[in-house]
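Note sheet for the following structure.
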Amino acid sequence: MKKTCLLTIVISVLSFIAHAQTLKSPDGRFQLNVSVDQQGRPVYELSFDGKPVILRSGLGLELKKEVEGKQETFDNTKHTDASTIDEKADLMYGFQIKSTKTDTFDETWKTVWGEEDEIRNHYNELLVSFYQPKNDRTMDIRFRLFNDGLAFRYEFPDQKNLTYFIIKEEHTQFALTGDHTAWWIPGDFDTQEYSYTMSKLSQIRGKMKDAITPNSSQTPAGPTCVQTALMMKSDDGLYINIHEAACVDYATMHLNYNEGTRTFESLLTPDAIGDKGYIQTPFNSPWRTVIVGHAGTDILASRMTLNLNEPCKIEDTSWIKPVKYIGVWWDMITNRSHWAYTDALTSVKLGQTDYTKTKPSGRHAANTANVKHYIDFAAQHGFDAVLVEGWNQGWEDWFGHEKDFVFDFVSPYPDFDVAAIRDYAKAKGVKMIMHHETSSSVRNYERHLDQAYQFMVDNGYPAVKSGYVGNIVPHGEHHYSQWINNHYLYCVKKAADYHIMVNAHEAVRPTGLCRTYPNLIGNESARGTEYEAFGGNTVDHTTILPFTRLIGGPMDYTPGIFEMDISKMSPDNSSKARTTLARQLALYVTLYSPLQMAADVPENYERFMDAFQFIKDVPVDWKRTVYLEAEPGDYVTIARKDKNSENWFVGSTVDENGHTTQLTFDFLDKDASYEATIYQDAENAHWQDNPQAYKIYKKKVDSKTKLKIKSAPGGGFAIKLTKI
Ligand code: NOJ
Ligand code: CA
């Protein structure tokens with residue numbers, strides 16, 4: 001690891017520090033002030049280039065009080081103030097600044113995989129120790145200013161009067177300077193699969209009802225509550241993004257908006273009885289992050305989320321490899337075939353049902369012959385792996401039932417020959433990707449985990465796609481509470497013991513933990529391509545995701561749909577994928593992931609082999625990334641250099657209005673020429689009625705070339721640049 005580490009420490013220990021503490025970012029453009037207000041509440045404010053970004057905002061937590069052994073119930077809607085908070089439950093008021101300490105840090109670390117091969121982590125730090133005389137307690141808050149924004153976290157040192165506590169609510173505030181435009185999805189304790197709404201902050205309440213489109217498991221968190229990463233833009237052109245980093249042993253944060261004070265306040269995901277965190281000191285909370293820039297590209301270029309996570313804890317990472325894959329999947333998602341083996345069963349008893357005695361439905365896609373066909377296709381076109389869903393017993397029984405035992409993750413259907421598939425894939429040099437639909441029965445999954453992972457190792461599956469569809473079992477628990485966030489990480493760590501890479505769907509939105517555990521190669525945690533077969537994603541969806549969901553880490557978006565008319569897959573499915581074909585290619589560059597799927601079925605690729613060539617060529621690991629233009633909800637254009645060659649790739653995705661990109665190639669090596677292969681929308685392309693109209697042409701370019709490329713409504717373009 002290349003490491004340049006600079007450390008300067010200034011400690012001031014006074015009995016009581018009354019004046020505000022200030023900190024500047026390494027480039028001096030951000031300034032942070034920290035103090036306590038008249039009620040002794042820790043407060044902070046942030047400015048950028050002399051302009052306020054976050055006005056004076058309160059910090060602190062409210063603990064749960066035990067009233068004669070009876071549990072206190074929680075109420076989201078009640079606003080907390082000093083008069084309603086019980087003294088013993090108060091980690092908000094009556095603080096004094098006891099001591100402060102500053103640091104500066106500058107280190108460049110190597111990624112295992114990523115948007116670049118090394119990342120600079122450069123910040124100035126201020127640690128403020130707040131003392132609360134009435135309870136004789138100390139709460140520290142560690143602030144870091146990077147050149148792209150602010151992060152801070154609560155630290156609870158080991159101490160006599162604060163050993164075990166239960167969080168009733170965290171009250172971290174973000175007071176904003178105006179009625180910004182925001183791209184948001186409803187706060188929800190059980191799903192992140194929403195379309196984005198663009199509105200003024202003042203319109204969140206009014207638009208909430210329309211924003212909550214029906215979904216299988218939903219627990220909306222309130223009429224003014226949204227999820228992070230929240231993207232905002234001020235009227236004077238400041239881009240502001242609020243999220244969290246390193247969410248470990250803690251509930252996921254939502255943001256509740258107060259129109260009166262124009263302030264977001266943290267709202268943590270509760271557990272089944274409404275509690276928000278069981279803490280034992282010493283303990284550090286996740287980081288709260290505010291990324292700020294003068295351009296959309298500044299937000300995308302930020303590496304703050306990764307930098308705030310701990311360095312890689314896996315010693316030997318040689319088995320962790322980015323993956324390009326195809327899968328027995330789109331077939332079921334479009335409803336052309338099904339996960340279940342039979343329609344005949346109405347009741348299955350795990351391990352006791354003899355499937356060979358039941359009549360197959362004839363629609364079971366995960367059969368040996370079909371899987372071999374996918375393995376052939378993968379081998380022929382250079383894909384690393386094949387995912388197969390619906391291979392294991394239990395699917396008939398699962399739909400609609402929230403049972404504890406549904407799947408055991410080791411019992412295949414009778415038409416899925418595990419050993420034959422293992423040997424066939426091995427002979428063809430293709431890896432298999434296992435599928436574990438946990439049915440959200442977390443206990444059941446943990447019970448089977450060791451066996452399930454060992455079964456994967458034995459049968460040539462170095463990666464698993466897991467899923468958490470439906471309500472969590474045990475009942476009443478939510479998808480993003482402290483307990484289940486610990487479960488997701490438990491699976492990732494245990495998987496590492498077996499040298500297994502994890503891609504979890506419906507699990508908690510990522511907060512950069514893939515730096516520490518790079519075998520976490522993907523997550524869904526947002527509306528992915530599957531929704532193109534469930535009615536369609538909004539046309540601008542992929543221009544927003546990089547600013548929101550992807551701030552926390554890579555997404556298994558599963559692009560690559562070449563047949564947009566889903567009724568051609570399944571006559572009773574009238575969905576239309578709201579995209580052009582050229583844009584589907586661009587997504588391999590614009591939606592970063594070390595795990596990329598070519599999601600469509602082989603026969604659809606066979607119809608467009610010239611366009612498919614881009615998916616075959618595009619790498620899944622990068623040396624460098626340059627953000628060329630980016631406006632949330634409008635367009636995103638990104639250039640990336642292959643980690644293993646001198647080639648560059650460019651992708652652009654645009655909204656329903658179309659867009660013309662003025663492309664300059666100044667990121668290319670100065671004295672070299674490149675052959676550009678350009679995949680773009682044809683003149684008359686349109687996502688709605690002409691999505692498959694594209695053109696492919698070659699052009700010699702160098703670092704001085706300028707090109708104008710027009711993308712259709714719902715379109716985009718992709719370029720491969722081969723160094724000559
Ligand atoms: C939802 C996942 O996102 C999807 O990819 C998967 O096929 C289904 N769950 C079935 O588990
Ligand atoms: Ca999903």
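In listed order, ligands and their atoms are each counted from 1.
- Under 4.0 Å from ligand 1, the heavy atoms of Glu530 that appear belong solely to its side chain.
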- request: Walk me through it: do Thr228 and His243 pass the test side chain to side chain donor-acceptor pair (under 3.5 Å)?
  value: CA-CA 5 Å; Thr228 73; His243 189 39; 2.8 Å; yes
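- Within the listing of ligand 1, atoms 4 (C), 5 (O), 6 (C), 7 (O) sit less than 4.0 angstrom from a heavy atom of Trp329.
- Nearest to the Ca ion (ligand 2), among the N, O or S atoms that Glu193 has, is OE2.
- Below 4.0 Å from some heavy atom of Glu437 lie the following atoms of ligand 1, by number and element: 9 (N), 10 (C), 11 (O).
- Atoms of ligand 1 found under 4.0 Å from any heavy atom of Trp339 (numbered from 1 in listed order, with element): 7 (O), 10 (C).
- The ligand atoms of ligand 1 that sit less than 4.0 angstrom from a heavy atom of His505 are 2 (C), 3 (O), 5 (O).
- Summary: OE2 is the N/O/S atom of Glu506 found nearest to the Ca ion (ligand 2).
- Summary: OE2 is the N/O/S atom of Glu530 found nearest to the Ca ion (ligand 2).
- Dense packing is recorded around NZ of Lys616, with more than 12 heavy atoms of other residues, nucleotides or ligands lying under 6.0 Å away.
- The distance between the ring centers of Phe455 and Trp391 falls below 6.0 angstrom.
- Ring centroid separation for the pair His541 and Tyr531 does not come in under the 6.0 Å cut-off.
- Using 4.0 Å as the threshold, Met332 has no heavy atom nearer than that to any atom of ligand 1.
- Exactly one residue among Val473, Ile472, Asn471 makes a side-chain contact (heavy atoms from CB on, under 4.5 Å) with Ser441. That residue is Val473.
- Under the 3.5 Å distance criterion, with hydrogens and angles disregarded, a donor-acceptor pair is assigned to the side chains of Asp249 and Gln482.
- Side-chain polar atoms of His478 and Asp190 form a donor-acceptor pair below 3.5 angstrom.
- Considering only non-hydrogen protein atoms, atom 5 (O) of ligand 1 sits nearest to Lys465 NZ, 2.6 Å.
- Among all protein heavy atoms, the one lying closest to atom 1 (C) of ligand 1 is Glu506 OE2, 3.0 Å.
- For atom 7 (O) of ligand 1, the nearest protein heavy atom (residue, atom name, distance) is Glu389 OE1, 2.6 Å.
- With rounding to the nearest 0.5 angstrom, the CD1 atom of Ile566 is 8.5 Å from the CE atom of Met564.
- Remark: ligand 1 atoms within the under-4.0 Å shell around heavy atoms of His435 are 11 (O).
- Contacts of Trp395 with ligand 1, taken as heavy-atom pairs under 4.0 Å, involve the side chain alone.
- The distance from ligand 1 to the heavy atoms of Val469 drops below 4.0 Å at these ligand atoms: 1 (C), 9 (N).
- Residue contact check: Glu524 has heavy atoms under 4.0 Å from atoms 3 (O) of ligand 1.
- Glu506 and His479 are not linked by any side-chain donor-acceptor pair at a separation below 3.5 angstrom, with hydrogens and angles left out of the test.
- Cation-pi check for Arg509 over Tyr480 is met; the charged atom lies under 6.0 angstrom from the ring centroid and within 45 degrees of its normal.
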